[in-house]
Amino acid sequence: MTPVELSRTVLGAVRRAVDAGELRVDVPERAVVAPPGPGGVGDYATNIALQLARPAGQPPLRVAELLRSHLVHADGITGVEITGPGFLNIRLDQNVGTALVRRILDEGAARYGHSDTLVGQVYVLRVPYEIRAEVVADVLARMVASQGARVEIQQQELQKDDTHETLDVRPVPAPQDPTPLGPDAARWALLHPAPSDRPRITADHLVQREGNPLFRVRYAHARTRAVVRNAADLGFAPEPGAAEPPLLPLLTDYPRILTTAAPLPRLPRPDAIAAPARLARHLVAVADAVLDLLPGALPRGDEKPMAAHRARLALAEAAGTVLAGGLSLLGIDAPDHL
């Protein structure tokens, strides 16, 4: 179950509580779910009860209890606990993790996280003649297209298109031409910082060491491919099984990251154009998590391949799939060898 699917499940619980007359509120368009913060438990948490308490005219803990009664019986959920002032902490069925890894491997980099929810919608991005704005707009277009919409990019000097939803893309400009860095490092230098931050155009983006986030992401992708090849040489293959944190929640959250670019004109401008930076940072988190996992993916010495090795190998391959898909949306190459 992805965060997007879990959000729909939470909204379904709200809707059932409203239909039963337990809550008198308008069902919100979305429910935010995220890994639990300090003091939280389980796989995901949501503040939906705190969000609805005031319009419902009830204490947050009472709203949380009402929603918990509807959530505990939902498919894929094995437990719901209330913590703090009314946070709902949700524990997912471990088989859901196995199913997710299998789904990622089946769908591949070109399909996992993509959807057709915005088919038929057209967005217009207005861009100045500035390299960073053009690169950010290109990635926004790719991310929105991954959700089924069509995007047109126009120069801001042209007459504004009033027939479609329009967004002006104006990140802080690049201080100098990044072209000498090469296409991949140049794009990363422009995309990884928040749009409100000035990008650093330095040779640090070319250095092959752990301190370089671009290197870590591309190296992690290449390593996932290498361990799958090495496993084949040892005579065993990936087989989804019990998945291990913290990598699984990051893979689960990838589709939600892609959707953050979708409702572009409805978001405040700085947040709307931050989706590419958000994706880049998410890939860094996936890379760091999978690099921690890889040492245990292959048997050591005389050890025989076991179910745990096959499960870790499948999880690593799924992480490599997400890294490849994310890098592709950023317009950056994902090498199999590095």
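All figures in this text were calculated on a predicted structure; none of them were measured in a lab.
Between the side chain of R187 and the main chain of L330, a donor-acceptor pair closer than 3.5 Å is present. Without hydrogens or angle criteria, R142 side chain to S328 main chain gives a donor-acceptor distance under 3.5 Å. Within the 3.5 Å criterion, the main-chain N or O of R91 finds a donor-acceptor partner in the side chain of T78. Remark: the backbone N or O of P335 is paired with a side-chain donor or acceptor of H221 at under 3.5 angstrom. Although no hydrogens or angles enter the test, the distance criterion places a donor-acceptor pair under 3.5 Å between the side chain of Q147 and the main chain of G113. Side chain of R132 to main chain of A174: no donor-acceptor pair is present (N/O by atom type, distance under 3.5 Å, no hydrogens or angles). Here the side chain of T259 pairs a donor or acceptor atom with the backbone of R256 at under 3.5 angstrom. Between the side chain of R216 and the backbone N or O of E210 there is at least one donor-acceptor pair closer than 3.5 Å. Side-chain atoms of N89 do not come within 3.5 Å of backbone N or O of G42 as any donor-acceptor pair. Checked by atom type and distance alone, the side chain of Y112 pairs as donor or acceptor with a backbone atom of L251 at under 3.5 Å.
Between L294 and A316 the shortest heavy-atom distance is CD2-CB, 3.7 Å. Between A49 and P60, the shortest heavy-atom contact is CB-O, 3.7 Å. When all heavy atoms of L181 and A189 are compared, the pair lying nearest together is CD1-CB, 4.2 Å. Scanning both residues, A237 and R310, for their nearest heavy atoms gives O-CG, 3.5 Å. The minimum heavy-atom distance linking A109 with A324 is given by the pair CB-CB, 4.1 Å. The two atoms that bring V227 and L298 nearest to each other are O-CD2, 3.8 Å, heavy atoms only.
Counting heavy atoms of neighbouring residues, nucleotides and ligands inside a 6.0 Å radius, atom CZ of R229 exceeds 12 of them. Within a 6.0 Å sphere centred on CD of E107, heavy atoms belonging to other residues, nucleotides or ligands number more than 12. The neighbour count for Y219 OH, taken as heavy atoms of other residues, nucleotides or ligands under 6.0 Å away, does not exceed 12. Counting heavy atoms of neighbouring residues, nucleotides and ligands inside a 6.0 Å radius, atom CD of E303 exceeds 12 of them.
Electrostatic pairing of R111 and D106 does not count as a salt bridge here, judged by no charged N lying under 4.0 Å from a carboxylate O. Using a 4.0 Å cut-off between a side-chain N of Lys or Arg and a carboxylate O of Asp or Glu, D184 and R218 qualify as a salt bridge. Contact check on E317 versus R312 returns no salt bridge, with no Lys/Arg side-chain nitrogen under 4.0 Å from an Asp/Glu carboxylate oxygen. Taking a cutoff of 4.0 Å between a charged side-chain nitrogen and a carboxylate oxygen, D19 and R15 do not qualify as a salt bridge.
Taking NE2 of H309 as the start and NZ of K304 as the end, the distance is 12.0 Å to the nearest 0.5 Å. Atom-to-atom distance recorded for L61:CG and L66:CG is 11.0 Å, nearest 0.5 angstrom. Note that CD of Q208 is 9.5 Å distant from CG of L214, once rounded to the nearest 0.5 Å. Here E22 contributes atom CD and H70 contributes atom NE2; the two are 3.5 Å apart, rounded to the nearest 0.5 Å. The distance from the CG atom of L283 to the CG atom of L279 is 4.5 Å, given to the nearest 0.5 Å. To the nearest 0.5 angstrom, L11 atom CG is 6.0 Å from I48 atom CD1.
Looking at heavy atoms from C-beta onward, P36 lies out of side-chain contact with F87 at the 4.5 angstrom threshold. Proximity of R170 to P128: side-chain heavy atoms (C-beta onward) are separated by under 4.5 Å at one or more points. The shortest distance between side-chain heavy atoms of L52 and P28 falls below 4.5 Å.
Here the options are T98, I104, L105, the test is side-chain contact (heavy atoms from CB on, under 4.5 Å), and the partner is R102; only T98 passes. Partner of V10 under the side-chain contact (heavy atoms from CB on, under 4.5 Å) criterion, chosen from I77, V32, L71: L71.
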Next on the checklist: Run L140 and Y123 through side-chain contact (heavy atoms from CB on, under 4.5 Å) and show every step you take.
Outcome noted: CA-CA 10 Å; L140 282 171; Y123 296 88; over 6 Å; no
Checklist entry - Does the side-chain contact (heavy atoms from CB on, under 4.5 Å) test come out yes or no for V136 and L191, once each step is laid out? => result CA-CA 7 Å; V136 169; L191 294 167; 4.1 Å; yes
Checklist entry - Can you check side-chain contact (heavy atoms from CB on, under 4.5 Å) on I201 and L190, steps first, answer last? => result CA-CA 8 Å; I201 311 300; L190 299 174; 4.1 Å; yes
Item to check | Step-by-step side-chain contact (heavy atoms from CB on, under 4.5 Å) determination, Q58 to L23 | outcome: CA-CA 9 Å; Q58 299 192 46; L23 289 176; 3.8 Å; yes
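Linking ILVMFWY residues whenever their side-chain heavy atoms come closer than 4.5 Å, directly or via other members, leaves V172 and V169 in distinct clusters. Under the 4.5 Å side-chain heavy-atom criterion for ILVMFWY residues, no single connected hydrophobic cluster contains both L6 and L50.
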